[in-house]
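Values in this document were obtained by computation on a predicted structure and should not be read as measured data.
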Amino acid sequence: MNPDALAEALLAVIAPLAEARREGSSAGLTAADLPLERPRNREHGDWASNAALKLGKAVGANPREFAQEIADALAETPGVASVEVAGPGFINIRLDAAAAGTLAKTIVEAGAAYGTNDTQRGQSINLEFVSANPTGPMHIGHTRWAALGDAIARVLLASGATLVREFYVNDAGAQMDRFGCSVLAAIKGEPTPEDGYPGSYIDELARRVEAEVPGILALPADQQVLEARDRAYALQLADLQDSLVKFNVHFDVFFSERTLHARGEGGEPSLVDEAVERLRAQGHVFEADGAVWVRTTDFGDDKDRVIRRSNGEYTYFAADAAYYLNKSDRGFHHKIYLLGADHHGYVHRLKALAGAAGDDPEKDIEVLIGQLVSVNGARLSKRAGNIIELDDLRDWLGTDALRYSLARYPADSPLTLDPDVLTKRTNDNPVFYVQYAHARTHNVARNAAASGVDRSVFAPELLTHETESALLGALQEFPRVVAFAAETREPHRVARYLEELAGLYHKWYDNCRVIPLGDAPVDDVHRTRLWLNDATGQVLRNGLDLLGVSAPERM
């Protein structure tokens, strides 16, 4: 019996009791209104409910007396071993071993699907994260957002959302011209321009561009800059994409900022042009001092924003507006932006933009701000000089340790990683601790097969040891943990859950044998425990996958 089934059983008991006390008091009551919690003290049972406290006033009953009525009725439910009332009206429920143990088979048969849920079904989400400028390598800040953003996407998808991972490529504007001039200067053997991009990676790009266009210096001067810029841009973007793939982060869309400014062949308006007119049609555009403004203060912004300067040039806000509207046009009702610690000013601006576009700023847009991350002993990039590169961190610490550690903490908490811990193969290293538990489940399964223990029998009523009850209770929680992580955009809850599950598994391993001792025969309890072992391995595997971390079978 899982928590959902138990909640339904609780509803079936409560509804008639409530009606008997006060007619109509159970109208509209659903199982979702009767949350169950795991007691901190396992001696209090498998599940606890505050339903009597919550409903006592509505039904006109003393909560403790109502709780006792519920307990007496619920105790007759198949699969419920006992029900007790505690304190002012808490209901503590203990399942019988057979009802609790059936979960092991359910998990094994569900496989990779166990933990998925439909709490986000119907949500069409555009999740934008990383969005590094294509003018250089990705740094440590991008690394944190890559790990977190991808983990958020995974828990949302596992919870039924329709979602696209999107990378916004800032490939328009003056920084691209400075980038092109920097590469061209390196091709010519000249010093980096005063406002250009330094670093040996520029020299590497220069050599690659010259290999693609051997006669670049024979071109007209303006064509040289364009060729250097566009060739180097394509190469650098490909390098960024390669770094992300190696970090196990995959994007569905790389959206070019240039497409927002591009006009049609017949001179048709660009997406930015159209965005200004669409906001004007909403009644939020006005003109002052020769410039075009959006009255974003109507939606909580600290000041109105210029969308087109008096010289006719569009501002960055214009591109933001066009991009937001384009996401809506592509069918994304909800937009999530993951931004760095230096982007706090964007929160009100983007929410105000949503309001000006006719959306609900509190429902249709979400802006998550991440705090800074540092790594003890990390060195600045040899290629870029002034940053700590994603590639260097991955080569040093490994993808699994880096991804797990970055996803293990809330985005809004500053974070310092300790390489001495992350490179240890001990229980002090959280990712090793969880991965080792998974590898141990496979080792148990291999040894079981060699000893003639298989899953030909499943007798859940034999799973009576206290460590088995605790382990099954934790396994039941996994779908709810995934759903809550998706709702709160907090994948660190999955990581902390996995560590708790690993600890419970290790305790079970120390107390309950899957393989009989010596020459003792293989019994049904051994076969049934193999189901529980394999179920635990499946949940550990599913959870690690939600964090983009591998689940090794041997360590």
Side-chain angles (χ1 to χ4, degrees), residues 122-134 145 149 152-153 156-157 161-173 175-176 233 237 240-241 250-285 292-296 299 301 305-309 312-340 343 345-368:
Q123 289 287 318
S124 178
I125 300 172
N126 181 287
L127 176 64
E128 182 204 332
F129 60 107
V130 182
S131 296
N133 286 339
W145 270 134
I152 290 172
L156 283 167
L157 287 167
T162 299
L163 179 140
V164 162
R165 300 172 176 91
E166 187 148 313
F167 186 117
Y168 182 64
V169 185
N170 296 100
D171 54 5
Q175 85 275 3
M176 293 303 298
Y233 155 61
L237 180 60
L240 293 180
Q241 293 169 332
H250 303 269
F251 282 88
D252 304 297
V253 174
F254 284 86
F255 189 95
S256 167
E257 182 185 355
R258 292 182 180 181
T259 62
L260 299 175
H261 299 276
R263 294 181 177 275
E265 294 182 1
E268 293 87 355
S270 67
L271 293 176
V272 174
D273 294 329
E274 292 177 358
V276 174
E277 295 310 309
R278 289 169 68 174
L279 293 177
R280 191 189 302 275
Q282 292 284 342
H284 305 298
V285 171
V292 180
W293 301 66
V294 180
R295 193 174 287 102
T296 53
F299 303 95
D301 200 1
R305 301 286 172 178
V306 175
I307 197 166
R308 190 168 61 202
R309 300 184 181 93
E313 293 182 358
Y314 285 117
T315 63
Y316 284 117
F317 184 71
D320 290 340
Y323 186 38
Y324 180 88
L325 290 170
N326 177 266
K327 289 180 178 182
S328 296
D329 292 343
R330 284 185 278 146
F332 299 111
H333 303 126
H334 192 76
K335 299 91 172 169
I336 304 178
Y337 293 76
L338 275 59
L339 303 178
H343 285 72
Y346 276 76
V347 178
H348 289 306
R349 189 182 316 175
L350 287 170
K351 284 186 171 289
L353 176 56
D359 291 342
D360 184 340
E362 301 306 317
K363 290 178 57 179
D364 298 327
I365 186 169
E366 196 173 342
V367 185
L368 305 180

- Within the 6.0 Å centroid threshold, strictly below: Phe255 and Tyr323: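 Yes, close enough.
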- Do Phe129 and Phe251 make the cut of ring centroids closer than 6.0 angstrom?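 Distance test on ring centres: under 6.0 Å, yes.
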Give me the atom names and distance for the closest heavy-atom approach of [X] to [Y].
X: Pro361; Y: Ala354; answer: CA-CB, 4.3 Å
X: Ala357; Y: Leu325; answer: CB-CD2, 3.7 Å
X: Val272; Y: Ala319; answer: CG2-CA, 4.4 Å
X: Leu338; Y: Gly149; answer: CD2-CA, 3.4 Å
X: Val276; Y: Ile307; answer: CG2-CD1, 3.8 Å
X: Asp301; Y: His348; answer: OD1-CB, 3.9 Å

- Please assess Thr162 against Ile125 for the test side chain to side chain contact (heavy atoms under 4.5 Å, CB included), listing each intermediate value before the final yes or no. CA-CA 6 Å; Thr162 299; Ile125 300 172; over 6 Å; no
Side-chain donor-acceptor pair under 3.5 Å between [X] and [Y], yes or no?
X: Lys351; Y: Thr296; value: no
X: His333; Y: Gln123; value: no
X: Asp273; Y: Tyr314; value: yes

Determine yes or no for a side-chain-to-main-chain donor-acceptor pair under 3.5 angstrom, with [X] supplying the side chain and [Y] the backbone.
X: Trp293; Y: Val285; result: no
X: Asn326; Y: Ala322; result: no
X: Ser270; Y: Ala262; result: no
X: Ser131; Y: Tyr168; result: yes

- Decide whether a cation-pi geometry holds between Arg330 and Phe332; the criteria are a distance under 6.0 Å from NZ or CZ to the six-membered ring centre and an angle within 45° of the ring axis.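 Output no; distance or angle outside limits.
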- Ring-face cation of Arg258 near Tyr233 (centre distance under 6.0 Å, axis angle within 45°):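 Here Arg258 passes the 6.0 Å and 45° test against Tyr233.
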- Message: Please determine whether side chain to side chain contact (heavy atoms under 4.5 Å, CB included) holds for the pair Tyr337 and Leu127, giving the CA-CA distance in whole Å, both sets of side-chain angles, and the decisive distance to 0.1 Å.
- Response: CA-CA 6 Å; Tyr337 293 76; Leu127 176 64; over 6 Å; no
- Query: Per the salt bridge (charged side-chain N to carboxylate O under 4.0 Å, His left out) rule, which among Lys327, Lys335, Arg165 passes with Glu128?
  - Reply: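 Output: one option passes, namely Lys327.
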